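Have a look at the structure below before the remarks.
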Amino acid sequence: MKDEGQRGFIPMEWQKRTKYCGEVSVKDAGKEVVLNGWVNSRRDHGGLIFLDLRDRTGVVQVVINPDNKDSFPLAQRVRSEYVLAVSGKVSKRPKGTENENIATGQVEVETSALQLISKSKALPFELDEADKVDERTRLQYRYLDLRRPAGYMALELRHKVVQRVRNFLNNQGFLEIETPDLTKSTPEGARDFLVPSRLQAGHFYALPQSPQLFKQILMVAGFEKYYQLARCFRDEDLRADRQPEHTQIDLEMSFVKKDDVINLSEQLLAETFLEIGQKIEVPLKRMCYGDAIKYYGNDKPDTRFDLLLSDVSDIFTKSEFKVFANVIKNGGVIKGLKIDKASSLTRKKFDEYTDYCRGLGAGGLVWMVIDNEIKSPVAKFLSAAEKKSLINSFEANPGDVIFLVADKTEVVNQVLGSFRLLLAEEFKLIKPGFHLLTVIDFPMFEYDEEEKRLKSHHHPFTMPTEDSLDLLDKDPLLASANAYDFIINGVEVGGGSLRIFDPKLQEKIFGLLGIAKQEANDKFGFLLKALDYGAPPHGGVAFGLDRLVMLLAGRQSIRDVIAFPKTQAGTDLMTNAPDIVSDKQLKELRLKTE
RNA sequence: GGAGCCGUAGUGUAGUGGUUUAACAUGCCGGCCUGUCACGCCGGUGAUCGCGGGUUCGAAUCCCGUCGGCUCCGCCA
């Protein structure tokens, strides 16, 4: 068997596989097969060479005997990750040489012909140790990273989840419809990615943050049930669970009530969990937004563990302890959480926690070790009655530790909400498995301190509840929305709402958001216009496919379930995007760079 | 915009009370080996310690800056 021919190229003809490596079994014993794949490893015994040949289905052992005068010399020159075609006979392995660790360990392929299809340089990292390798090297050589079973399986799972979603929605009567990626920049929401227009010099498309407006217009168009696996773009900073482009399972339905959308969403989620063999009971547990904030400090409660926040402001309304009293006088709150049997915590650890909470914006962190009495730096400032009330309130027992934060309500919730996660991890309180939750009863608006105006909590097209209509004028911050979020293990995987289908109400909401009539018409005029032509009641939901698959795959980052993800600085280390472009390109677009 | 952690042969680590031939494992190259499967054994190759500057007789080690990667805050309707 030759490798490189006269022209210096490897011959183009090669034997096509008759079987996949991972599927060779005892049943094939005695049969001739051809395998194609990569050399996973090579074990050269001098007089006998073993190769583990790998394709996407698995590995199988290939044996090359020295009496095979064509193949043996080639086998000696073969290296890791060479691509080969192997012809040979499947045989049961000699007694005592079976390998229980691999699926094909009972058999091997006795090579009759070995053919080199493609060579490989020595790899920049060893595939079976990739878990430990710096992520930047793996991203640079993403094709090698993905060649690992773990890489393959993550994307295979993603594929299967997508197929389930499509099947489920198709069976429910949904139509998959694509909407534009080159569209119009709209105010509100995230920063847009812009695309300069050549034909309309000086004008810009924006990449969609979501297909929100298009799907609503599809409802006006009468499609009734739409879905799409939509790529969404947001030019904001990245996180482990945030990429500048991500994929949403986006859907919208007409003539539905809130519970119709929630029920379908929960069924859809449950359907995806079947892919990993998990039966999820629907309907899911539901929690109102107010309780989520009150007990968990945020609107995406991690319900894998308790450690609930408790408001103890009442105990300190008349406290001699000025720090607490002042916070309450200024409208703030004192909340805390109790952790069982934590008296082994060191002073150093308490300082660490204090720094952590300060870093999140708290003025400080009060800690108390419960013994026969309370041990705490602030114990001397508290009255006996206050101490007793605290212990009662937290139902604290000797050995427990109480942490308190006093500040503005939002600060307290945010700090304790994060701190609770840290403690749960450190004390190993997190129960295994998946804990799904639907959060309902969101407020319509929140107040933006910086811009001194109302902002939508969900988005500007969210339908207020009927009860809230009167509040829009009186006290819009109390108005609640027909919106819902879906939370798994503290990760927001989806959310949606009923939409406004009355153009008058939509204009009213824009007004409350401080979007002038002129601007509303410039930016959203096409939607308002569409609503004028017989808009059905409608609502929908969007799930973050990347986050969902991340959870199903048990990974910590969505980068693991995206084929070619970007770094925290928004770069692609494999392609080196983003990159500078030629002057010619800039000129055509009438763009100048500094 | 901000905070923290990290950066030493291809890869993963060790080495920082200032002076080392910068160590170990693995990979890679060569040799031996007919039942291995993380094959084994022998030998070899490979790092001016991310980059720049400073302190010093002397810096991988201390200081400053910078670049890159990760985590987080802000931001993400």
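Fair warning: this is a prediction, and the values are worked out from it, not measured in the lab. Throughout, protein chains are lettered first and strands after them, A, B, ... in sequence-line order, and every chain is numbered starting at 1.
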Could you work out the separation of [N] and [M] based on their [atom1] atoms and round it to a whole Å?
| N | M | atom1 | answer |
| --- | --- | --- | --- |
| B:rC57 | B:rG10 | C1' | 37 Å |
| B:rC64 | B:rC70 | P | 25 Å |
| B:rG30 | B:rG46 | C1' | 15 Å |
| B:rC37 | B:rU45 | C1' | 27 Å |
| B:rA22 | B:rA60 | P | 10 Å |
| B:rA14 | B:rA23 | P | 16 Å |
| B:rC39 | B:rU26 | P | 12 Å |
| B:rG50 | B:rU11 | P | 13 Å |

With a 3.5 Å cut-off and no angle check, do the side chains of [X] and [Y] form a donor-acceptor pair?
| X | Y | value |
| --- | --- | --- |
| A:Arg499 | A:Ser497 | yes |
| A:Asp192 | A:Gln209 | yes |
| A:Asp181 | A:Tyr205 | no |

Once you round it to whole Å, what is the distance between [atom2] of [N] and [atom1] of [X]?
| X | N | atom1 | atom2 | answer |
| --- | --- | --- | --- | --- |
| A:Leu422 | B:rC73 | CG | P | 12 Å |
| A:Glu126 | B:rC28 | CD | P | 7 Å |
| A:Asp67 | B:rU34 | CG | P | 13 Å |
| A:Gln209 | B:rC76 | CD | P | 10 Å |
| A:Asp560 | B:rC70 | CG | P | 12 Å |
| A:Arg42 | B:rG40 | CZ | P | 14 Å |
| A:Asp572 | B:rG69 | CG | P | 11 Å |
| A:Asn65 | B:rU36 | CG | P | 15 Å |

Does [X] reach a base, just sugar-phosphate, or nothing at all? Heavy atoms under 4.0 Å.
| X | answer |
| --- | --- |
| A:Glu98 | base |
| A:Pro124 | sugar-phosphate |
| A:Ser41 | sugar-phosphate |
| A:Pro187 | nothing |
| A:Gln212 | base |
| A:Asp128 | nothing |
| A:Gln140 | nothing |
| A:Arg559 | sugar-phosphate |
| A:Thr571 | sugar-phosphate |
| A:Thr97 | base |
| A:Ala130 | nothing |

Partner lookup for [N], please. Criteria are Watson-Crick or G-U wobble with both distances under 3.5 angstrom; report none if nothing qualifies.
| N | value |
| --- | --- |
| B:rG35 | none |
| B:rU26 | B:rG10 |
| B:rC51 | B:rG65 |
| B:rA3 | B:rU71 |

So, are [X] and [Y] salt-bridged, with charged N and O less than 4.0 Å apart?
| X | Y | value |
| --- | --- | --- |
| A:Asp44 | A:Arg42 | yes |
| A:Arg304 | A:Asp302 | yes |
| A:Arg231 | A:Glu245 | yes |
| A:Asp52 | A:Arg43 | yes |

Please assess A:Asp351 against A:Lys348 for the test salt bridge (Lys or Arg N to Asp or Glu O under 4.0 Å), listing each intermediate value before the final yes or no. CA-CA 5 Å; A:Asp351 287 344; A:Lys348 191 179 161 210; over 6 Å; no
Tell me whether A:His45 is stacked on the nucleobase of B:rC39, counting only the six-membered base ring and applying the 5.5 Å and 30° thresholds. yes
On RNA chain B, does the nearest nucleotide to A:Phe125 precede the nearest nucleotide to A:Asp52 from the 5' side, or the other way round? Give the residue.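 Going by which nucleotide is closer to the 5' end, it is A:Phe125.
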To the side chain of [X], which of [options] is closest?
| X | options | answer |
| --- | --- | --- |
| A:Arg93 | B:rC76, B:rC37, B:rC72 | B:rC37 |
| A:Pro66 | B:rU34, B:rG35, B:rG27 | B:rU34 |
| A:Arg239 | B:rC72, B:rG35, B:rG12 | B:rC72 |
| A:Pro94 | B:rG35, B:rC72, B:rG69 | B:rG35 |
| A:Asn99 | B:rU34, B:rA38, B:rC72 | B:rA38 |

I would like to know whether A:Gln228 and A:Thr179 meet side-chain hydrogen bond (donor to acceptor under 3.5 Å, both in side chains); could you show each step before the answer? CA-CA 8 Å; A:Gln228 178 181 196; A:Thr179 55; 3.0 Å; yes
Residue-phosphate contact under 4.0 Å: [X] side-chain N/O, [N] OP1/OP2:
| X | N | result |
| --- | --- | --- |
| A:Arg79 | B:rC29 | yes |
| A:Arg43 | B:rU36 | no |
| A:Thr567 | B:rG69 | yes |

Check whether any side-chain N or O of A:Arg420 sits under 3.5 Å from a backbone N or O of A:Phe305 as a donor-acceptor pair, and report yes or no.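 Side chain of A:Arg420 to backbone of A:Phe305, a donor-acceptor pair under 3.5 Å: yes, one is there.
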Working note: A:Arg191 + A:Glu236, criterion salt bridge (Lys or Arg N to Asp or Glu O under 4.0 Å); need CA distance, chi angles, decisive distance, verdict. CA-CA 6 Å; A:Arg191 191 176 296 110; A:Glu236 299 291 351; 3.4 Å; yes
Within 6.0 angstrom of A:Lys89 NZ, more than 12 heavy atoms from elsewhere: no
Between the side-chain atoms of [X] and the base atoms of [N], is any donor-acceptor pair under 3.5 Å?
| X | N | result |
| --- | --- | --- |
| A:Gln414 | B:rG74 | no |
| A:Arg234 | B:rC76 | no |
| A:Glu129 | B:rU26 | no |

Strictly under 3.5 Å: I want the nitrogen or oxygen pairs between protein and nucleotides 3-8 of chain B, one per line.
none

